[in-house]
Amino acid sequence: MEDGKPVWAPHPTDGFQLGTIVDIGADSLTIEPLKQKGKTFLAPVNQVFPAEDDPNKHVEDNCSLMYLNEATLLNNIRVRYSKDKIYTFVANILIAVNPYYDIPKLYSPETIKQYQGRSLGTLPPHVYAIADKAFRDMKVLKMSQSIIVSGESGAGKTENTKFVLRYLTTSYGTGQDIDERIVEANPLLEAFGNAKTVRNNNSSRFGKFVEIHFSEKNAVVGGFVSHYLLEKSRICRQSQEERNYHIFYRLCAGASEDIRQRFYLSSPDTFRYLNRGCTRFFSTKDTDKQILQNRKSPEHLKAGPLKDPLLDDHGDFNRMCVAMKKIGLDDTEKLDMFRVVAGVMHLGNIDFEEAGSTSGGCNIRNQSRETLEHCAELLGLDEEDLRISLTTRVMLTTAGGAKGTVIKVPLKVEQANNARDALAKAIYSCLFDHVVTRVNQCFPFDASATFIGVLDIAGFEYFEHNSFEQFCINYCNEKLQQFFNERILKEEQELYQKEGLGVNEVHYVDNQDCIDLVEAKLVGILDILDEENRLPQPSDQHFAEMVHSKHKDHFRLTVPRKSKLAVHRNVRDDEGFIIRHFAGAVCYETTKFVEKNNDALHMSLEALVSESKDRFVRELFENSNNSKDSKQKAGKLSFISVGNKFKVVLTPLLSTVTTFWHHPPPPLMLCGR
Ligand SMILES: Nc1ncnc2c1ncn2[C@@H]1O[C@H](COP(=O)(O)OP(=O)(O)OP(=O)(O)O)[C@@H](O)[C@H]1O
C-alpha cells in the first residue's frame, strides 16, 4: 500500500469506506476518506486493505479480483447485488445474497436448460451451476457428491436447496411422478417444521440432509430426507412476535366446518400454545375474506393479516391437502395427522391448581374438564388415565420396601405443567418424525448407484439470549468449520506444497480444542450435562458450576461477567458460560439446559401414549427412537440425552459429507442477507 493509492479503511457503520493514505505511521495509517476530503482519521495498519482501481467494477469470481481481501470481496458482492446479480463465485464456492424479491427469469425453465452440462465458470455464477457441477462430478467420478448450504437464518438456504432439487429433478429426472413428488414433499415438511420468526416468516426450525439418488445411468430414482434437531421449545411457547409451527394456524384457518367441529377447533388466541406468540394469520386481501370471522383472533381482527408473498394460511392449507394426496397420503391418514395436531393444542389448555391437601400435589382445574375430555378423545386416551398421568409420577422403588414396588408421587402445579408440556413436545416431535418417514416412503427406490446430498442446516447463531438450541447449532458449526479447515485450507495447501507451487501459506485457527470442550468423553460439556441429568436432583446451576470447575483455565471457556456486553455481565457464574467459538464469543444461559437435554417422558406418560386406543397415536410412539431407548431402561426414571443424540447423528452425517467431498472440493453455498 502506498500514499495516494485507494484503500478500504474501517467505517463505524458501513464496515469499510474508501479513502487514500496521506501518512504512514509505525502501526497506524492516516486516511483521508474519499467522501469527506480533508477529514483525516487514524486506522490500524492491519485494518486497512488495498482497493481495486475501479471500485464500481465487479467480477463473477472473487478470485479474479486484483486484491482479494475482506473489503474488496464485500464490495464486489455489494456492487453485484445492486445490479440483481445475487450469486458470486469464490472458485468452487458460491456466495448467494437474498434478494427478497423474484428476480425475473432467474430460475426459469430456460435458465435451467442453459446450465445443463456447462462447466463451472462458463456461465454467470448461479445455484444451477453448482448443482450441475455436482451432477457432472458424480457422473464422471462415479462418486456421490455433497453440497453444503450454510448461512444465518433468513439468508436463503432453504430456497436455494429447493432450487438445487428442482434443477436436478427437472434436468436429470425421468419425467415421471417421482420427480414431482420430491418437489411436492417440501410443502408438507414446511407445514410441520417451519414457523414465523422475527428474522424469517418461513424459518426452517430443523436441519436437513436431502439425498437425490441416481441410477447407474445417472437418472433420478428417488430421494431420502434425514432431519436434525427440531426446535421443540416452540411447540409450547414462542416469543411475542413469533408463531408456533405453520400447521397449527393453517388448521385453524383452513379446516372445513366439519373438521373444525370434530376437532373442537377455534381461533388461535383460544389456545395457550399459540396465544403467547403472534396469533395473526398470513393472508392476502382476498384470502382473508375466505377465513371465517370466528377463526380469527382479536389481534388478527385489529391489526389485519400478516403479509408475505409466499405464505397464505388458508390457501396453504388447501395446497398442503393436495400435496398430501399427491405423495400418497389418504384422507384417513391426513385426518389422523390433523387430529393429533389438534390434540396437542388442546393439551396445552389443561390447567392445574394446588390440591389443597397435605399431599402437596395438584388437581386439574374444573374449567379444564372439557378440555381434558377433548384431549383424551383426540389422542385415544382414557380420560381418567390422562388425568392421573398428568398429576402424578410413577416411580419404582429400589431401596427400602420391596424392590420394584410401584409408588405414585403427586406432582406440584409447576411439575404438572412441565409434564403436560413434555407430553405435547413428545407427541408433536413423533408426529414430525412420522411426516418425514412418510415423505421418504413416497419416493422409494430399490437400489441406487450414487446420490447428491444437500445439507441445509442453520449457520452460527448468536442472539442476546442463547440457550441449549444455539449451543447445539454452534457445536454443529464448529464441526463444519473444522471440516472446511481440513478440506479447503489444510489439504489444498498440502497439495500446493507437493506440487511446488510456492503459494504463501494461509494460517487458520485449529478449533479442535473447542470441539473437545463440547464433546470430549466425561469432561466435555455434553457429558457433564448428561451427568447432571442422571443426578437425583439435577439443577441448571450445579451444571454451570461443574462446567466452570472442570475447565477453569480453558482458553475457550470463561464466565459471563467477562463478556464485552453489559447484558451478559449480569448473568451469574452459575447461570451461564461463554464459549469462544471460531466465529466469536457466545454467552449461553444455562436455564432449562437440563430439561431441554432430556427427551424422556415420565414413565407413566410414556406408557399412557404407547397404549393409546388410537392405532395412529400408538404407532407414532412405537416407531419413535425414544420408545426404543426408554424400553431399554424400563424400571428406572429414564433419561434420553438430546445433546449426545445430536452428537451421534452428526458424526455419520459429517463422515458422509467428507466421504463424498473429494479433490477438487465440490460445491459449497454460503447464503447471506
Ligand atoms: N433467491 C431468492 N429469490 C427470492 N427470494 C428469496 C430467495 N432466497 C430467499 N428468498 C426469500 O427469503 C426468505 C427466507 O429464505 P429461506 O427460508 O431460504 O432462509 P433460510 O436461510 O433457510 O432461513 P432459516 O434458517 O430461518 O430457515 C424466503 O421465504 C424468500 O421469501
Side-chain angles (χ1 to χ4, degrees), residues 58 60-61 77 80-90 92-136 138 145 147-151 153-175 178-190 194 200-204 208 210-212 220 223 225 308-312 315-316 319 323 326 443 452-456 666-673:
H58 62 92
E60 292 185 340
D61 187 335
I77 292 168
R80 291 177 61 74
Y81 177 68
S82 67
K83 298 179 192 304
D84 272 354
K85 297 180 189 302
I86 60 165
Y87 294 113
T88 307
F89 285 127
V90 187
N92 272 351
I93 299 172
L94 182 75
I95 295 177
V97 183
N98 187 347
Y100 276 108
Y101 89 102
D102 283 335
I103 298 176
K105 297 202 177 129
L106 190 59
Y107 305 105
S108 68
E110 295 74 42
T111 311
I112 290 186
K113 277 212 179 82
Q114 274 175 20
Y115 279 84
Q116 288 168 6
R118 301 291 297 270
S119 296
L120 214 63
T122 51
L123 287 173
H126 200 293
V127 62
Y128 293 162
I130 294 288
D132 207 77
K133 161 129 179 82
F135 177 79
R136 279 177 290 106
M138 178 191 78
Q145 304 289 312
I147 298 171
I148 298 177
V149 191
S150 185
S153 177
K157 298 182 294 294
T158 307
E159 290 302 307
N160 279 289
T161 299
K162 287 192 270 188
F163 293 134
V164 169
L165 301 185
R166 173 74 74 183
Y167 180 85
L168 292 173
T169 52
T170 309
S171 305
Y172 305 112
T174 47
I178 198 89
D179 311 339
E180 192 60 19
R181 283 180 176 220
I182 289 176
V183 178
E184 285 292 348
N186 252 315
L188 192 58
L189 285 178
E190 292 190 1
N194 285 25
N200 182 0
N201 286 336
N202 192 24
S203 182
S204 317
K208 63 177 183 287
V210 188
E211 297 160 26
I212 301 282
V220 175
V225 183
D308 188 288
L310 299 178
L311 298 170
D312 168 26
D316 287 340
R319 275 185 286 278
K326 272 200 187 153
F443 27 69
I452 294 177
V454 190
L455 179 66
D456 169 5
L668 160 71
M669 236 187 294
L670 301 172
C671 300
R673 305 205 301 169

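When the side chain to side chain contact (heavy atoms under 4.5 Å, CB included) test is applied to Ser204, the partners found at least two apart in sequence or on another chain are Thr158, Asn194, Phe206. For Lys85, the salt bridge (charged side-chain N to carboxylate O under 4.0 Å, His left out) test picks out no residue, with sequence neighbours left out.
Under the 3.5 Å distance criterion, the side-chain polar atoms of Thr161 are matched with a main-chain donor or acceptor of Lys157. At least one donor-acceptor pair closer than 3.5 Å links the side chain of Asn98 to the backbone N or O of Gly154. In this structure, Thr169 contributes its side chain and Arg166 its backbone to a donor-acceptor pair below 3.5 Å.
Ile95 is listed as a side-chain neighbour of Ile77, based on a closest heavy-atom distance under 4.5 Å. Side-chain contact check for Asn186 versus Leu165: some heavy-atom pair is nearer than 4.5 Å. Side chains of Ile86 and Tyr81 form a contact here, defined as non-hydrogen atoms less than 4.5 Å apart. In this structure, Pro124 and Phe89 have side chains that are not in contact, with every pair of non-hydrogen atoms separated by 4.5 Å or more. The shortest distance between side-chain heavy atoms of Tyr128 and Thr170 does not fall below 4.5 Å. Taking 4.5 Å as the limit, every side-chain heavy atom of Asp84 sits out of range of all side-chain heavy atoms of Pro99. Between Val454 and Val149 there is a side-chain heavy-atom pair separated by less than 4.5 Å. Counting heavy atoms from C-beta outward, Val127 and Tyr107 have side chains that approach closer than 4.5 Å.
Heavy-atom minimum distance, Glu190 versus Asn202: OE1-ND2, 3.1 Å. Here the closest heavy-atom approach between residue Asp132 and residue Tyr167 is recorded as OD1-OH, 2.6 Å. Considering every non-hydrogen atom in both Phe443 and Ala185, the closest pair reads CE2-CB, 3.8 Å. The two residues Ala96 and Tyr87 make their nearest non-hydrogen contact at CB-CE2, 3.4 Å.
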*Derivation of the side-chain contact (heavy atoms from CB on, under 4.5 Å) call for Phe135 and Ile212*: CA-CA 10 Å; Phe135 177 79; Ile212 301 282; over 6 Å; no
Tell me, with the steps shown, if Thr111 and Leu106 meet side-chain contact (heavy atoms from CB on, under 4.5 Å).
CA-CA 7 Å; Thr111 311; Leu106 190 59; 5.9 Å; no
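Contact check on Lys113 versus Glu110 returns no salt bridge, with no Lys/Arg side-chain nitrogen under 4.0 Å from an Asp/Glu carboxylate oxygen.
Residue Arg136 holds its CZ atom at 10.5 Å from CD of Gln145, rounded to the nearest 0.5 Å. Summarising the geometry, atom NZ belonging to Lys105 is positioned 10.5 Å from atom CD belonging to Gln114; distances are rounded to the nearest 0.5 Å. In this structure, the separation between CD on Glu211 and CD1 on Ile452 is 11.5 Å, given to the nearest 0.5 Å. Atom NZ in Lys133 sits 5.0 Å away from atom CG in Asn92 (nearest 0.5 Å). For the atom pair CG (Leu455) and CD1 (Ile147), the distance works out to 10.5 Å, reported to the nearest 0.5 Å. Here the straight-line distance linking atom CD1 of Ile148 with atom CD1 of Ile93 works out to 10.0 Å at 0.5 Å rounding.
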